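Note that the coordinates shown come from a computational prediction; the quantities given were computed from them, not determined experimentally. The first residue in the sequence is number 1, and the count goes up from there.
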Amino acid sequence: MSTEQNLITTPITADFLRGHLDVEETAHGLLPHRLPAWARRQIPDDLLAVAEAQPSGVRLAFRTSATTIRLETLPTKRVYRGFPPPPDGIYDLLVDGRLTAQATVDGGNLRTITDMQTQTTEFTPGPAGTADFTDLPTGEKDIEIWLPHAEITEVIALRTDAPVEPAPDKGHRVWLHHGSSISHGSNAVFPSTIWPALAASAGDVELINLGFGGSALVDPFTARAMRDTPADLISLKLGINVVNSDAMRLRAFTPAIHGFLDTIREGHPTTPLLLVSPILCPTHENTPGPLMPDLSSGTLKFKATGDPAETAAGRLTLTIVRDVLADTVKQRSAEDPNLHYLDGLDLYGESDHDEFPLPDAIHPSPEGHRRIGENFAKLVFANNGPFAVTTG
């Protein structure tokens, strides 16, 4: 077995990273970001500031013959006061596209949320650690290390028993996706098995995942970031966060969706663009937000606290949101034939909910993520789907 003394140390540079829009140099290494610096300056709350810095879909990609790989990182872990700490984030190592090994990193900074409603936090600094991968297959190979999707991660260095070099561009199509905490990966265990990662693997595309927990709120700066990001395929999964935060009424939501699409089209006038409505969520199908935590069962669940009668005054539910999104695509697609609509109930509907219920009443289980990823791949990337490879 290789010892620390005879390993080659390679500092992490930006060309080792995939799935990010920006990197920040820190005192320790590089912090990948999923929004550019100018957009981060416009973020109005800590929820999105944390979410975009969590590297959902971000991975290191390099080529090597190493059989021992040690990745030094400084994670920032999140805990809720009064609850047991969640398990450490998982690092997935893929060899030539196949999940081969997994590791965690001890230590790190601690971000304690002291009040779930106000998101008040306390920060405790901690040490860097190492994700160790040993006994890997011999020979030259392509390696991807997917970073924990819900753990802010500063990447510092690779230590290997053979030289490494950034992976070459394989010419795959780039899929730029934006969505809520479900796209971010909430309740998924492994970073390479969040539903967008599973769909990207099935579609043989390079994923840039702008799934932001609690923060898919039709923000103009997110639309501008997507406008400016090179991509071959674009999807937007919108609605659930607008409902559960009670952020908009119908009058504001409809033009906001048009404006979001208009902005993206400024930079991607003919790119296949898919608008996806929310998956089934009984909590909000016919009940407006705001969403609140519910601890009455002894475990964390969520409940909608709005009044269904107020939909007459413009408050939103998922049923209403689906109608708005479908009507928007129908209206625009006559002049924009590359704009498409996908009903989220086709990704996860009643039969899927019966088989794989939402554990906390909002987010799918790991099995639910797999079902959504499989359905997305089948409906969007395969056959005559809007992202299918065309010939001729």
Test question: given the 4.5 Å side-chain rule for I, L, V, M, F, W and Y, name all other residues clustered with Ile152, or answer none. Leu31, Val50

Under 4.5 Å side-chain heavy-atom separation, chaining through any Ile, Leu, Val, Met, Phe, Trp or Tyr, what else clusters with Val95? Say none if it is isolated. Ile12, Phe16, Leu17, Val23, Leu30, Val58, Leu60, Phe62, Ile69, Leu71, Tyr91, Leu93, Val105, Phe133, Leu136, Ile143, Ile145, Leu147, Val155, Leu158, Val164

With sequence neighbours excluded, tell me which residues meet side-chain contact (heavy atoms from CB on, under 4.5 Å) with [X].
X: Asn375; answer: Leu347, Asp352, Arg371, Lys378
X: Pro290; answer: Asp246, Thr305, Arg315
X: Ala216; answer: His178, Ser180, Leu238, Asn241
X: Thr270; answer: Asn338

With a 3.5 Å distance limit and no angle check, can you tell me whether [X] reaches the backbone of [Y] through a side-chain donor-acceptor pair?
X: Ser181; Y: His184; result: no
X: Thr263; Y: Leu261; result: no
X: Thr104; Y: Gly89; result: no

Ignoring hydrogens and angles, write down the donor-acceptor pairs under 3.5 Å from the side chains of residues 223-236, residues two or more places apart or on other chains.
| unit_1 | atom_1 | unit_2 | atom_2 | d |
| --- | --- | --- | --- | --- |
| Arg224 | NH2 | Gln42 | OE1 | 2.8 |
| Arg227 | NH1 | Glu266 | OE1 | 3.2 |
| Thr229 | OG1 | Ala225 | O | 2.6 |
| Asp232 | OD2 | Val174 | N | 2.7 |
| Ser235 | OG | Trp175 | NE1 | 2.8 |
| Ser235 | OG | His177 | ND1 | 2.6 |

Got a sec, which pairs hit salt bridge (charged side-chain N to carboxylate O under 4.0 Å, His left out) with one end in residues 28-39, sequence neighbours left out? none

Quick note, ring-ring contact (aromatic ring centres under 6.0 Å, His included) partners involving residues 319-356, not counting sequence neighbours, are none

Residue pairs passing the ring-ring contact (aromatic ring centres under 6.0 Å, His included) test with at least one member in residues 17-42, sequence neighbours excluded, are none

I'd like to know if Asp142 and Arg63 make a salt bridge, using a cut-off of under 4.0 Å between side-chain N and carboxylate O. yes

Note: Glu285-Arg322 ion pair, threshold 4.0 Å (strictly below): yes

Mark yes when over 12 heavy atoms from residues, nucleotides or ligands other than Glu140 sit less than 6.0 Å from its CD; otherwise mark no. yes

Can you list the residues that meet the salt bridge (Lys or Arg N to Asp or Glu O under 4.0 Å) rule with Glu72, with sequence neighbours excluded? Arg159

What side-chain donor-acceptor pairs closer than 3.5 Å can you find for residues 189-207, not counting sequence neighbours?
| unit_1 | atom_1 | unit_2 | atom_2 | d |
| --- | --- | --- | --- | --- |
| Ser192 | OG | Asp92 | OD2 | 2.6 |
| Thr193 | OG1 | Phe190 | O | 3.1 |
| Glu206 | OE1 | Arg59 | NH2 | 2.7 |

Heavy-atom pair of closest approach, residues Ala247 and Leu217: CB-CD2, 4.0 Å

